[in-house]
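Note sheet for the following structure.
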Amino acid sequence: QQPAESALPSDTAALAALTIPAAEGKPSSDPPLVAAARKSPLLNRLSPVTDRMLQDPPAADWLQWGRTYDGHNFSPLKLITRNNVSNLRPAWRTPLPGGSSMATPLVHDGVIFLQTIPDTVVALDGASGAILWSYQYKPTVQSSRKMGLALHGNRVLVPTSDLHVVALDAKSGELVWDHAITSGSQTSARTQYQLRSAPLVVGNKVIQGVTASFSPGGGFIV
């Protein structure tokens, strides 16, 4: 949107009466699927995420939910400081479907991997915001809120709303494997098990927490 010639009013009642115009472009609930490996040099150059990378990630990467195993969520990059942070401006905008989602984006070799509603994973070009590929899982229940993904080797590890963990090819978004978690009986929506947390990769193991705040016995880890 172009800025107006007049300044915003200082009166709170006048401000409350203002309407912010909607941004151009309607968010899509079904992002386009791209033949990524053939069309994206960025994905072709994507390197496997090794155990050593997860233990000591490159400064420009964010390879797991808390960035490092200690979960400090701290970036060692130093280009942005307290003195210049006010100069930041939007570089690009990619519409995503609206909904209950709180996932942390993962970044590796300039590619952003993000989980969004409804049970959709997208890979984006970190420089332009272009969608390189997307994968939409079709759960048997309503799509639920999730906190993120995991990366290991050439895989993107994804928790689903109906208690599956799936692995996608990081370069193409194609399904590699699908593992269902057996949860036993659930008596009501209030006692449903959910996969809220991001998977955790340790060595050759994928560890997934299962939440169950109101279920007898509580949640569990697989």
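Values in this document were obtained by computation on a predicted structure and should not be read as measured data.
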**Message:** Check for me, please, whether Leu46 and Val176 land in the same ILVMFWY cluster - side-chain distances under 4.5 Å, paths through other members count.
**Reply:** yes
**Asked** Do Val121 and Ser134 have side-chain heavy atoms sitting under 4.5 Å apart?
**Response** no
**Request:** Examine Phe74 and Ile80 and state if one hydrophobic cluster contains both, with Ile, Leu, Val, Met, Phe, Trp and Tyr joined whenever side-chain heavy atoms are less than 4.5 Å apart.
**Result:** no
**Side-chain donor/acceptor of Gln64 to backbone N/O of Ala198, under 3.5 Å** = no
**Considering all heavy atoms, the nearest Leu195-Gly209 contact** = CD2-O, 3.8 Å
**Asked** What are the two closest heavy atoms between Ala59 and Arg67, and how far apart are they?
**Response** CA-NH2, 3.5 Å
**Ser47 to Asp109 - nearest heavy-atom pair and separation** = OG-OD2, 2.7 Å
**Asked** Given Phe113, which of Leu149, Leu132, Val107 fulfils the side-chain contact (heavy atoms from CB on, under 4.5 Å) condition?
**Response** Leu149
**Message:** Less than 3.5 Å apart, any donor N or O on the side chain of Asn83 or Thr81 sitting next to an acceptor on the other?
**Reply:** no
**Request:** Apply side-chain contact (heavy atoms from CB on, under 4.5 Å) to Asp125 and Val111, showing your working.
**Result:** CA-CA 5 Å; Asp125 185 328; Val111 179; over 6 Å; no
**Trace of the side-chain contact (heavy atoms from CB on, under 4.5 Å) decision for Ile181 with Gln208** = CA-CA 10 Å; Ile181 298 173; Gln208 178 67 57; 4.3 Å; yes
**Request:** Take Thr120 and Tyr135 through the side-chain contact (heavy atoms from CB on, under 4.5 Å) test and state the conclusion after the steps.
**Result:** CA-CA 6 Å; Thr120 301; Tyr135 171 85; over 6 Å; no
**Message:** Rounded to the nearest 0.5 Å, what separates atom CG in Leu54 from atom OG1 in Thr68?
**Reply:** 10.5 Å
**Item:** salt bridge (charged side-chain N to carboxylate O under 4.0 Å, His left out) contacts touching residues 207-222 (sequence neighbours left out)
**Value:** none
**Message:** Test question: given the 4.5 Å side-chain rule for I, L, V, M, F, W and Y, name all other residues clustered with Trp65, or answer none.
**Reply:** Met102, Met147
**Message:** How long is the straight-line distance from CE of Met53 back to CG of Asp61, given to the nearest 0.5 Å?
**Reply:** 7.5 Å
**Request:** Check whether more than 12 heavy atoms from other residues, nucleotides or ligands sit under 6.0 Å from atom CG of Asp56, and answer yes or no.
**Result:** no
**Prompt:** So which pairs with a foot in residues 147-159 pass side chain to side chain donor-acceptor pair (under 3.5 Å), sequence neighbours left out?
**Reply:** Asp51-His152
**Request:** Decide yes or no on side-chain contact (heavy atoms from CB on, under 4.5 Å) for Trp62 and His108, but give the supporting numbers first.
**Result:** CA-CA 7 Å; Trp62 197 283; His108 178 47; over 6 Å; no
**Request:** Please name the pair of heavy atoms, one in Ala167 and one in Leu157, separated by the smallest distance, quoted to 0.1 Å.
**Result:** CB-CD2, 3.8 Å
**Complete:** In terms of heavy-atom contacts, Trp133 and Ala170 come closest through NE1-O, 3.0 Å
**Request:** Locate the shortest heavy-atom distance separating Ile112 from Pro105; write the atom from each residue and the value.
**Result:** CG2-CB, 3.9 Å
**Thr94: side-chain contact (heavy atoms from CB on, under 4.5 Å) partners, not counting sequence neighbours** = Trp92, Leu124, Ile131
**Item:** Nearest-0.5 Å distance, CD1 of residue Ile221 to OG1 of residue Thr211
**Value:** 11.5 Å
**Request:** Would you check if there is a donor-acceptor pair between the side chains of Ser161 and Lys146 at a distance under 3.5 Å?
**Result:** yes
**Complete:** Residues passing the side-chain hydrogen bond (donor to acceptor under 3.5 Å, both in side chains) test with Thr50, sequence neighbours excluded, are none
**Prompt:** Do Ile207 and Val201 sit in the same hydrophobic cluster, where Ile, Leu, Val, Met, Phe, Trp and Tyr count as joined when their side-chain heavy atoms come under 4.5 Å apart?
**Reply:** yes
**Item:** Residues forming a side-chain hydrogen bond (donor to acceptor under 3.5 Å, both in side chains) with Arg145, sequence neighbours excluded
**Value:** Ser100
**Message:** Between Asn84 (side chain only) and Leu79 (backbone N and O only), is there a donor and an acceptor less than 3.5 Å apart?
**Reply:** yes
**Asked** Is a side-chain donor-acceptor pair under 3.5 Å present for Asp119 with Thr160?
**Response** no
**Request:** Determine the interplanar angle of the Tyr137 and His164 rings, folded into 0 to 90°, and report it as parallel if under 30°, tilted if 30 to 60°, perpendicular if over 60°.
**Result:** tilted
**In one Ile/Leu/Val/Met/Phe/Trp/Tyr side-chain cluster, 4.5 Å: Tyr69, Leu63** = yes
